[in-house]
Participant: 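A single structure is presented below for examination.
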Amino acid sequence: MLDMKFIRDHLDQVEQRLATRGGEISLAGFRQLDERRRSLLTESEQLKAKKNSASEAIAKVKDKSQVADQIAAMKEVSSRIKALDDELKVVEDELQHLLLTIPNLPHPTTPVGRSEADNVLIRSWGEPPRFDFAPKNHWEIGEQLGILDFERAVKIAGARFALSTGAGARLERALISFMLDLHTTEHGYTEVLPPFMVNRASMTATGQLPKFEDDLFKLVDPDFLLIPTAEVPVTNIHRDEILKKADLPISYTAYTPCFRREAGSYGKDTRGLIRQHQFNKVELVTFVHPDDADAELERLTGHAERVLQLLELPYRVMALCSGDIGFSACKTYDLEVWLPGQNAYREISSCSSFGDFQARRGGIRFREDDKSKPEFVHTLNGSGLAVGRTLVAILENCQQADGSVVIPKALRPYLGGMETIPSP
RNA sequence: GGAGAGAUGGCCGAGCGGUUUAAGGCACCGGUCUUGAAAACCGGCGUACCGAAAGGUACCGUGAGUUCGAAUCUCACUCUCUCCGCCA
């Protein structure tokens, strides 16, 4: 959510900066609601002041019959206040809903562009492997090794679900442990294991609601929603709190499954593990002082990159353009891992800075010192990494001519020293 | 699922229609005293919104209602705790 006062004072500038996201966002409705709200509020509050002082005067008189006409007059005032407050509530609800549907302002360093095609290459790491045979897709490799079973997953659940078995299941568990250990021991994150279902207030704070309800899986109980990312429960750890400046930065890492409806992506990535209704992810979430947010995005992105480096998987870092960043983000770096089976780089992590956008929605604040007013913290998060896609990258990059897959060295201690997944 | 109890400021806790600008205590911050510290004493100490300011308004779990006036009365809901049942 943007600061209402900032929008009011910089209406044209806000409109222009939002326009770089594409689509059309008009703030004419905002101006109208904002003015109506303030005029109703002023009138209502003046009448309340009058009512309060009259009540005090009436209270001092013992014989109420002497002030019967005053009491009658106040009855009028009260009903007028009620009428004003009723209208005010309608206006404020509308204004609030409008504010909740306005996306974040792109960061000044976010490249301006319309689509994915305008994203900017920042750096790349590692060399795509050369094969003296035709490299296979991960679903071919996985099925041949007997570690991925898509057919049975369809039977159990449906399309866009996967069943890992044997070494596949163990590899995924190893990846989760490996990532969590790296982030907790070397990068200073605190591990958390949050709820996988959250309430509507939590989804609203991080920005999934009210606009993207269709992307979420809902339960019969309407109060609970399945998380599409650990960002939601973890960021909400500090919702409606005033943190101490000395506590910042706060860094959490969490493994959770993620549940996404993938509405509107029917044609895309229909085969394999790339796009699933349920997938595992290790997430990084940090709360920082506003002055540190820019540097923190670089650090956090580096922490996600470190996972790929230790796994020896080639990748590149892209700065998303204004037309491609998410609703709540002001700046985003995507890490794209090389996938030989697709002969392309594909997203494996998305690291974003949200400024005070989520903090304002969620009331996450800190005090500069004991005397000063609370200010909003800045929040950031990134995948560190998407576990299913990491499995895909390992299968495709580390495949051998004989159909076996060599396990990256860093992962072997988590697999009882296993060096390869042998071809059956 | 059944029965009961409760929800007040960072914490404890009083208040149960108008002397509450929410008592009192603890914690915290500033000061006096002291060689220093402690103690004692004095003062300060919530959040949000409207306003150029002065100032005003709202908030005692949430939402409605009664009343000239609600932390206080009524209704609904939510959450927490205790016991019973069920359960990994």
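The basis for the numbers below is simple: all heavy atoms, side chains too, and nothing from hydrogens, waters or symmetry mates. Order of the sequence lines fixes the chain letters, A, B, ..., with proteins taken first and strands second; residue numbering starts at 1 for each chain.
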Participant: Whole angstrom is fine here: how far is it from CZ in A:Phe366 over to P in B:rG10?
Facilitator: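 Nearest whole value for this atom pair: 19 Å.
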Participant: What interatomic distance, in whole Å, is found between C1' of B:rG61 and the corresponding atom of B:rU80?
Facilitator: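 Between the two C1' atoms, the distance is 10 Å.
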Participant: Counting only Watson-Crick or G-U wobble pairs whose two distances fall under 3.5 Å, which nucleotide matches B:rA22?
Facilitator: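 Checking every strand shown, B:rA22 finds no partner, since no pair has both distances under 3.5 Å.
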Participant: Using purine N1 to pyrimidine N3 plus N6-O4 or O6-N4 for Watson-Crick, or N1-O2 and O6-N3 for G-U wobble, both under 3.5 Å, which nucleotide pairs with B:rG4?
Facilitator: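 Result: B:rC81.
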Participant: Just how far, in rounded Å, is C1' of B:rA58 from CG of A:Leu47?
Facilitator: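 To the nearest whole Å, that distance equals 15 Å.
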Participant: Which word best sums up how the rings of A:Tyr252 and A:His238 line up, parallel for under 30°, tilted for 30 to 60°, or perpendicular for over 60°?
Facilitator: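 Taking A:His238 first and then A:Tyr252, their aromatic rings lie parallel (interplane angle under 30°).
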Participant: Distance check, C1' atoms only: B:rC60 and B:rA7, in whole angstrom units.
Facilitator: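 Looking at atom C1' only, B:rC60 and B:rA7 are 10 Å apart.
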Participant: Tell me yes or no: between the side chains of A:Asp294 and A:His107, is some donor less than 3.5 Å from an acceptor?
Facilitator: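 There is such a pair between these side chains.
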Participant: Would you measure the distance from the C1' atom in B:rG10 across to the matching atom in B:rG44 and give it in whole Å?
Facilitator: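 Pairwise C1' distance, B:rG10 against B:rG44, rounds to 16 Å.
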Participant: Atom CG of A:Asp85 to atom P of B:rC50: distance rounded to whole Å?
Facilitator: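 These atoms are roughly 15 Å apart.
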Participant: Among B:rA48, B:rA64, B:rG56, which nucleotide sits nearest the side chain of A:Glu45?
Facilitator: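 Of the options given, the side chain of A:Glu45 lies nearest B:rG56.
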Participant: Identify the heavy atoms of A:Ser322 and A:Thr110 that sit nearest to each other, and give their distance.
Facilitator: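 Distance-wise, the nearest heavy atoms are N-CG2, 3.6 Å.
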Participant: For A:Leu41, which contact category applies under a 4.0 Å heavy-atom criterion: base, sugar-phosphate, or nothing?
Facilitator: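 Contact class for A:Leu41: sugar-phosphate only.
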Participant: Answer yes if the side chains of A:Glu191 and A:Tyr255 hold a donor-acceptor pair under 3.5 Å, and no otherwise.
Facilitator: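 Absent: no donor and acceptor within the cut-off.
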Participant: Quick one: A:Asp34 CG to B:rG51 C1', roughly how many Å, whole number?
Facilitator: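 So the two atoms are 14 Å apart, to the nearest Å.
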Participant: Applying the Watson-Crick and G-U wobble criteria at under 3.5 Å, what pairs with B:rA58? Answer none if nothing qualifies.
Facilitator: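 B:rU47 is the nucleotide pairing with B:rA58.
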Participant: For A:Arg80, answer base if it contacts any base atom (sugar-phosphate contacts may also be present), sugar-phosphate if it contacts only those atoms, and nothing otherwise; contact means non-hydrogen atoms under 4.0 Å.
Facilitator: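 Nothing, no nucleic acid heavy atom in range.
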Participant: A:Gln46 CD to B:rA58 C1': how many Å, rounded?
Facilitator: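 Rounding to the nearest Å, CD of A:Gln46 and C1' of B:rA58 are 15 Å apart.
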Participant: Do the side chain of A:Asn104 and the main chain of A:Ser328 share a donor and acceptor less than 3.5 angstrom apart?
Facilitator: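 The answer is yes, because a donor-acceptor pair under 3.5 Å joins these two groups.
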Participant: Please state the P separation for the pair B:rA71 and B:rG63 - nearest whole angstrom.
Facilitator: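 To the nearest whole Å, 13 Å.
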Participant: Suppose we define a pair by two distances each less than 3.5 Å, Watson-Crick or G-U wobble; what does B:rC87 pair with here?
Facilitator: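 Paired with B:rC87, as far as the under-3.5 Å criterion goes, is no nucleotide at all.
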Participant: Would you indicate what A:Lys244 reaches in the nucleic acid, counting non-hydrogen atoms under 4.0 angstrom: base, sugar-phosphate, or nothing?
Facilitator: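 Nothing, no nucleic acid heavy atom in range.
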Participant: Ignoring the backbone of A:Ala49, work out which of B:rU57, B:rG51, B:rC68 is nearest its side chain.
Facilitator: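 My answer, after comparing the listed nucleotides, is B:rU57.
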Participant: Donor-acceptor pair, A:Thr184 side chain versus A:Asp181 backbone, under 3.5 Å?
Facilitator: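 Side chain of A:Thr184 to backbone of A:Asp181: a pair is present.
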Participant: Across all strands shown, which nucleotide pairs with B:rU67 by Watson-Crick or G-U wobble geometry, both distances under 3.5 Å?
Facilitator: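 When the pairing criteria are applied, nothing turns out to pair with B:rU67, so the answer is none.
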Participant: Starting the side chain at C-beta, find the nucleotide from B:rC68, B:rU47, B:rC50 nearest to A:Ile58.
Facilitator: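 Minimum distance to the A:Ile58 side chain belongs to B:rC68.
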Participant: With both distances under 3.5 Å as the test, what is the Watson-Crick or G-U wobble partner of B:rU72?
Facilitator: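 Paired with no nucleotide.
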Participant: Knowing that exactly one of A:Leu182, A:Leu180, A:Thr253 qualifies, which makes a side-chain contact (heavy atoms from CB on, under 4.5 Å) with A:Tyr189?
Facilitator: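 When side-chain contact (heavy atoms from CB on, under 4.5 Å) is applied between A:Tyr189 and each of A:Leu182, A:Leu180, A:Thr253, only A:Thr253 qualifies.
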Participant: Taking only the side-chain nitrogens and oxygens of A:Lys82, find out if one of them lies under 4.0 Å from OP1 or OP2 of B:rG65.
Facilitator: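 Yes, such a contact exists.
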Participant: When the C1' atoms of B:rC59 and B:rA70 are compared, how many Å lie between them, rounded to an integer?
Facilitator: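 It works out to 14 Å between them.
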Participant: Could you state the atom-to-atom distance from CZ of A:Arg239 to P of B:rU47 in whole Å?
Facilitator: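 About 20 Å, once rounded to whole Å.
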Participant: Indicate whether OP1 or OP2 belonging to B:rU21 is found under 4.0 Å from a side-chain N or O atom of A:Asn52.
Facilitator: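 No, A:Asn52 has no side-chain N/O under 4.0 Å of OP1/OP2 on B:rU21.
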Participant: Closer to the 5' end of RNA chain B via nearest nucleotide, is it A:Ile242 or A:Gln70?
Facilitator: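 The residue whose closest nucleotide sits nearer the 5' end is A:Ile242.
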Participant: If you pin A:Thr42 and A:Met74 to their nearest nucleotides in RNA chain B, which one's is more 5'?
Facilitator: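 In this pair, the answer is A:Thr42.
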Participant: For B:rC28, does either OP1 or OP2 sit under 4.0 Å from a side-chain N or O belonging to A:Arg367?
Facilitator: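 False: A:Arg367 side-chain N/O out of range (4.0 Å or more) of B:rC28 OP1/OP2.
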Participant: When you measure from the side-chain N and O atoms of A:Lys5 to the phosphate of B:rC50, is any distance below 4.0 Å, counting only OP1 and OP2?
Facilitator: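 Yes, because at least one side-chain N or O of A:Lys5 sits under 4.0 Å from OP1 or OP2 of B:rC50.
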Participant: Which whole-number value in Å describes the distance from A:Asn199 CG to B:rC79 P?
Facilitator: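 Checked: the CG to P distance equals 10 Å.
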Participant: With a 4.0 Å cutoff (strictly under), does any side-chain N or O of A:Arg37 reach OP1 or OP2 of B:rC50?
Facilitator: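 So the side-chain polar atoms of A:Arg37 do come within 4.0 Å of the phosphate oxygens OP1 or OP2 of B:rC50, strictly under.
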Participant: Considering just the side-chain nitrogens and oxygens of A:Ser78, establish if one lies under 4.0 Å of OP1 or OP2 belonging to B:rG69.
Facilitator: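 Affirmative; the distance criterion is met.
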Participant: Return the nearest nucleotide to the side chain of A:Ser55; candidates are B:rA48, B:rG18, B:rG51.
Facilitator: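 Nearest to the side chain of A:Ser55 among the choices is B:rG18.
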Participant: If pairing requires Watson-Crick or G-U wobble contacts with both distances under 3.5 Å, which nucleotide is the partner of B:rG17?
Facilitator: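 For B:rG17, the partner nucleotide comes out as none, under the 3.5 Å rule.
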Participant: What distance, rounded to whole Å, do you find between the two C1' atoms, one in B:rU47 and one in B:rG31?
Facilitator: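 Those two atoms are separated by 27 Å.
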Participant: Using whole Å, what does the distance between atom P of nucleotide B:rC49 and atom CE of A:Met1 come to?
Facilitator: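 My rounded result for the distance is 10 Å.
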Participant: Return the pairing partner of B:rA37 with a 3.5 Å limit on both distances, Watson-Crick or G-U wobble; otherwise return none.
Facilitator: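 WC or wobble partner does not exist here.
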Participant: So, is A:Arg36 close to the B:rC50 phosphate, meaning a side-chain N or O under 4.0 Å from OP1 or OP2?
Facilitator: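 Negative; the distance criterion is not met.
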Participant: Are the side chain of A:His183 and the backbone N or O of A:Gly384 linked by a donor-acceptor pair below 3.5 Å?
Facilitator: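 Yes; at least one donor-acceptor contact below 3.5 Å.
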Participant: Any side-chain donor-acceptor pair under 3.5 Å between A:Asn52 and A:Ser55?
Facilitator: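 Note: A:Asn52 and A:Ser55 side chains miss the donor-acceptor criterion.
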Participant: When the P atoms of B:rU67 and B:rU72 are considered, how many whole Å apart are they?
Facilitator: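 The same atom, P, in both gives a distance of 16 Å.
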Participant: Among B:rG69, B:rC50, B:rG18, which nucleotide has an atom closest to any side-chain atom of A:Lys51?
Facilitator: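 Taking heavy atoms from C-beta onward, the closest nucleotide is B:rG69.
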Participant: Examine B:rU57: is either OP1 or OP2 under 4.0 Å from a nitrogen or oxygen in the side chain of A:Lys48? Give yes or no.
Facilitator: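 A:Lys48 to B:rU57 OP1/OP2: no side-chain N or O under 4.0 Å.
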Participant: Expressed in whole Å, how much space separates the C1' atoms belonging to B:rG85 and B:rG2?
Facilitator: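 My reading of the C1' atoms in B:rG85 and B:rG2 gives 8 Å.
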